Amino acid sequence: MRESTIVGAFEIVPQVHGDQRGLFTEWYRFDRLAEAVGRPLPLAQANLSVSAKGVVRGIHFADVPPGQAKYVTCVRGAVWDVVVDLRVGSPTFGRWEGIRLDDVERRAVYLSEGLGHGFCALTDDATLTYLCSTTYRPTGEHAVHPLDPDLGIEWPAEAPLLSARDAAAPSWAEAVTRGTLPSYDACRSEGRAALMQARTPME
C-alpha cells in the first residue's frame, strides 16, 4: 500500500497469482487497509459502474458528516482514476493525483471522507466496483466540474463525454464561494469518530 500525494488517499497494489488456468488475487483486505489508514473501512454499500471509452465521471464528493470513504478497483478494462483534495484547510487542498486502474495489475484506490473522486474510461465497458462506508444520500451528494481549468486535471480523452449533471456542476472556485466543500477539520473529526466507533465493543 502506497500513501498518495493527497493526504488520506492510498494506492493498493495486490499480488496477482496466475497460470494457464487464470489468476487469483486478494483485491481487498480489511486488516491491511486498516493498518495503513489507521482505522477500518465500514462497509455499507457496494456499487458497480460501466462506462464507454472517453466517458469522464466526477468530480464527486459527499457532505461531511457523515462523508463517504471509498475503495475503488477496476474489474474490466481500464480507467484513469483521479483523486482530488476538496477539503478546505487541507495541506494538499486543490491538488489531484491520477492512477491507472485496470484488469491486469488489479490496483485499487482508497479515498477517505471529503476527497473528490472521478475517472476517465480508457476502454469500452470499463467496469469499476466501489466499496463505500456509508449509503447513498441524494441530498448529500455534490460535484465539481471535472474540466475546470483551475483544477487542471489532465484527462486522457480528446472529447470527454460527461453526464448532464457533471456538465452543469460548479467550478472549484464556485464551490468554495458557495461553501459546499467539506472542511479538513470536519473530515478529520469524522475519521476519529469512525475509529472510536470501531473500537467500541458491540453490546
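None of these values were measured; they are calculated from a predicted model.
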Restricting to non-hydrogen atoms, name the atom on [X] and the atom on [Y] that form the minimum distance, rounded to 0.1 Å.
X      : Y      : value
Ala78  : Ala126 : O-CB, 3.6 Å
Trp155 : Gly118 : CH2-C, 4.1 Å
Arg39  : Tyr110 : NH2-OH, 3.8 Å
Arg87  : Ile6   : NH2-CG2, 4.4 Å
Leu115 : Gly8   : CD1-O, 3.7 Å
Leu111 : Val109 : CD1-CG1, 3.9 Å

Is the shortest heavy-atom distance from the side chain of [X] to the side chain of [Y] under 4.5 Å?
X      : Y      : value
Leu181 : Phe93  : yes
Val37  : Ser112 : no
Val79  : Ser51  : no
Leu43  : Phe30  : no
Val56  : Ile153 : no

Under 3.5 Å, sequence neighbours excluded: what are the donor-acceptor pairs made by side chains of residues 137-148?
residue	atom	partner	partner atom	Å
His142	NE2	Asp63	OD1	2.7
His142	NE2	Asp63	OD2	3.4
His145	ND1	Leu147	N	3.1
His145	NE2	Ala167	O	3.3
Asp148	OD1	Asp150	N	3.0
Asp148	OD2	Trp172	N	2.7

Would a hydrophobic clustering, with Ile, Leu, Val, Met, Phe, Trp and Tyr connected at side-chain separations under 4.5 Å, put [X] with [Y]?
X      : Y      : value
Val176 : Ile59  : yes
Ile12  : Leu101 : no
Met1   : Val83  : no
Leu162 : Val82  : yes
Val88  : Trp96  : yes

Greater than 12 external heavy atoms within 6.0 Å of Glu35's CD: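 No, not enclosed.
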For residues Ser49 and Arg57, is any side-chain donor paired with an opposing acceptor at under 3.5 Å? no
Please state whether the rings of Phe119 and Tyr130 are parallel, tilted or perpendicular, taking 30° and 60° as the class boundaries.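 Judged by the thresholds at 30° and 60°, the geometry between Phe119 and Tyr130 is tilted.
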Could you check whether the rings of Tyr28 and Tyr71 sit parallel, tilted or perpendicular, using 30° and 60° as the cut-offs? perpendicular
Atom [atom1] of [X] and atom [atom2] of [Y]: how far apart are they, to the nearest 0.5 Å?
X      : Y      : atom1 : atom2 : result
Asp103 : Arg76  : CG    : CZ    : 8.5 Å
Thr73  : Leu128 : OG1   : CG    : 8.0 Å
Arg107 : Asp102 : CZ    : CG    : 8.0 Å
Leu131 : Leu33  : CG    : CG    : 9.5 Å
Ser4   : Ile99  : OG    : CD1   : 5.5 Å
Asp125 : Lys53  : CG    : NZ    : 12.5 Å

Let me see the working for Glu174 and Thr180 under side-chain contact (heavy atoms from CB on, under 4.5 Å), right down to the final yes or no. CA-CA 9 Å; Glu174 289 171 334; Thr180 56; over 6 Å; no
Would you confirm whether [X], through its side chain, and [Y], through its main-chain N or O, come within 3.5 Å as a donor-acceptor pair?
X      : Y      : value
Thr134 : Gly67  : yes
Thr127 : Val75  : no
Arg178 : Pro170 : no
Ser133 : Ala69  : yes
Glu97  : Thr5   : yes

Using the side-chain contact (heavy atoms from CB on, under 4.5 Å) rule, take Thr129 and Trp27 through it: C-alpha gap first, then chi angles, then the decisive distance, then the call. CA-CA 11 Å; Thr129 60; Trp27 69 275; 4.0 Å; yes
